[in-house]
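First the structure, in the form of structure tokens, and then the observations on it.
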There are 2 protein chains.
Amino acid sequence: MRNSRSDVVAAAMRVLDTHGLEGCSMRRVAADLGVQPGALYHHVPNKQTLLALMADEIVADVVPDADPHTTTSARATDDAVRLCRALRDAMLRVRDGADVVATAAAFRLGASRVEAELAALVGPAGARTLLLYTFGHAQSTQTRLQARVFGALVGDADTLETGDVDATALDISFTEGLAIISCGLLGGGSATIPHSGQSESAG
Amino acid sequence: MRNSRSDVVAAAMRVLDTHGLEGCSMRRVAADLGVQPGALYHHVPNKQTLLALMADEIVADVVPDADPHTTTSARATDDAVRLCRALRDAMLRVRDGADVVATAAAFRLGASRVEAELAALVGPAGARTLLLYTFGHAQSTQTRLQARVFGALVGDADTLETGDVDATALDISFTEGLAIISCGLLGGGSATIPHSGQSESAG
DNA sequence: ACCTGAACACCGTTCAAGT
DNA sequence: ACCTGAACACCGTTCAAGT
């Protein structure tokens with residue numbers, strides 16, 4: 001054989017890095033592989049599936065950096081926050097990564113590995129809340145940092161006026177929201193208390 | 001004159017309703033207006049701008065249904081939650097509305113009217129957190145409900161297995177997340193206390 | 001099994017020329 | 001000022017035919 005499915009995904013990741021999500025066309029991926037556009041459809045049924053595979057790769061090595069001795073719920077919330085941080089880092093590491101992951105995740109929210117891990121720590125409602133916030137903030141961050149680069153290239157004076165944001169300011173902004181949510185998770189009330197083990201369905 | 005800018009936006013909203021965001025092409029909007037594609041560029045510089053105008057229209061009449069006697073912060077948080085609910089309703093009211101608004105908002109987070117109102121109630125960090133959650137949840141909701149309709153048309157048996165979600169279940173899910181965040185906003189700690197009047201910059 | 005060649009049915013955007 | 005006609009440089013996807 002000449003090309004495998006993972007060759008296609010690897011090529012797509014390369015094109016994503018050099019041309020961004022908007023420029024990541026099937027035809028360009030094919031060109032990167034030195035192959036005709038139609039050839040891709042032997043390895044992948046359509047573009048949407050290819051994007052989902054890319055999203056999986058971006059998120060692949062997002063792991064909680066703490067061992068699972070979840071006794072107090074304060075500890076669990078802390079682990080969940082760390083997992084969100086790792087997820088955010090993974091998405092920001094690749095060009096337009098947040099958009100790729102968020103788009104693919106929208107289709108199957110409730111079915112991802114990271115969400116399951118979060119749900120085990122802080123319950124399903126907490127997991128959704130954290131995940132949606134993390135996706136949204138990362139997308140916004142990436143859009144703004146990219147706009148800043150673009151503005152710098154054009155020499156746009158408005159850039160400093162409307163978007164005087166740097167990476168560290170956005171980091172702090174992310175942390176603030178995370179603090180609000182985790183505070184709400186600890187505050188009791190309507191927040192579901194997670195089972196310390198797995199949930200009933202592993203599907 | 002034959003067509004104004006608002007005619008173009010109105011036509012775009014019609015096309016959005018009948019064909020969805022994916023099918024909302026400049027050429028189709030032009031056809032709806034009985035005009036050549038190039039004619040649109042007399043009223044709008046590009047498609048991105050048209051989408052932003054559509055987003056403005058979708059969100060236009062999102063107003064807080066409570067008067068501004070913000071004395072206790074519990075009251076302010078409640079108003080903020082109600083504003084998020086109104087925003088969500090407005091987005092869900094039109095086909096793919098959440099995607100349209102979220103895409104347009106990503107470009108200028110920190111510059112929208114609704115965000116400013118939220119910030120006045122619960123501070124900038126709280127506003128961002130609520131807004132990103134509301135966008136993300138609404139997008140996910142709309143994607144899933146649409147997938148359910150599609151599955152029903154195709155008669156896909158997996159629909160019931162993987163996505164047994166209805167509108168009310170998603171409503172409850174939204175409320176749960178909102179409860180977590182507002183609980184965090186009230187919990188004090190790192191949440192910024194809003195000024196009861198305006199912030200320093202009205203820009 | 002994997003790929004080529006070629007087509008089909010589309011896109012957003014530009015721009016001279018008309019009225 | 002607003003629009004036509006026509007083009008430019010692209011898309012995703014399909015499919016007979018080759019090896």
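Proteins get letters first, then strands, A, B, ... in listed order; numbering begins at 1 in each.
Checking D:dT4, D:dG12, C:dT4 against the side-chain heavy atoms of A:Val35 singles out C:dT4 as nearest. The side chain of B:His43 approaches D:dC3 more closely than any other nucleotide in the set C:dC3, D:dC3, D:dT14. Looking at the side chain of A:Ser25, the nearest of the listed nucleotides D:dC11, C:dC3, D:dT13 is D:dC11. Side chain of A:Arg2, nearest nucleotide from C:dC2, C:dG12, D:dT13: C:dC2. Among the nucleotides D:dT4, D:dG12, C:dT4, the one closest to the side chain of B:Gln36 is D:dT4. Of the candidates D:dT13, D:dC11, C:dT13, the closest approach to any side-chain atom of A:Asn46 belongs to D:dT13. Relative to the side chain of B:Met26, the nucleotides C:dG12, D:dG12, C:dC3 differ in distance, and C:dG12 lies closest.
Here A:Arg75 does not pair with A:Asp78 in a salt bridge; the nearest charged N to carboxylate O distance is not below 4.0 Å.
Atom-to-atom, CZ of A:Arg27 to P of C:dC8 comes out at 14 Å; the value is rounded to the nearest Å. Taking atom CG of B:Leu50 as the reference point, atom C1' of C:dT13 lies 14 Å away to the nearest angstrom. Between B:Leu40 atom CG and C:dT14 atom P the separation is 12 Å, expressed in whole Å. When the C1' atom of D:dC11 is taken as reference, atom CD of A:Glu22 falls 12 Å away, rounded to whole Å. Atom CZ of B:Arg28 and atom P of C:dG12 are 10 Å apart (whole Å). When rounded to the nearest whole Å, the span between OH of A:Tyr41 and P of D:dA16 equals 17 Å. Look at NE2 on A:His19: it is 15 Å from C1' on D:dC11, rounded to the nearest Å.
B:Leu83 and B:Val63 make their closest contact through CD1-C, 4.0 Å (heavy atoms, listed as atom of the first residue, atom of the second, distance).
Side-chain contact annotation: A:Asp171 with A:Thr168, donor-acceptor N/O pair under 3.5 Å absent.
Atom OG1 of B:Thr18 sits about 11.5 Å away from atom CE of B:Met13, to the nearest 0.5 Å. Rounding to the nearest 0.5 Å gives a distance of 10.0 Å between CG of A:Asp96 and CG of A:Asp17.
Between B:Asn3 and D:dC2 there is no side-chain N or O to OP1 or OP2 distance below 4.0 Å.
Between A:His42 and A:Lys47, the one whose closest nucleotide on DNA chain D sits nearer the 5' end is A:Lys47. Two residues, A:Ala39 and B:Gly34, neighbour DNA chain D, and the one matched to the more 5' nucleotide by heavy-atom proximity is B:Gly34.
Comparing the same atom, P, in C:dC10 and in D:dA9 gives a spacing of 22 Å after rounding to whole Å.
For D:dG12, the paired base is C:dC8 (Watson-Crick or G-U wobble, both distances below 3.5 Å). When both distances must be under 3.5 Å, the Watson-Crick or G-U wobble mate of D:dA1 is C:dT19.
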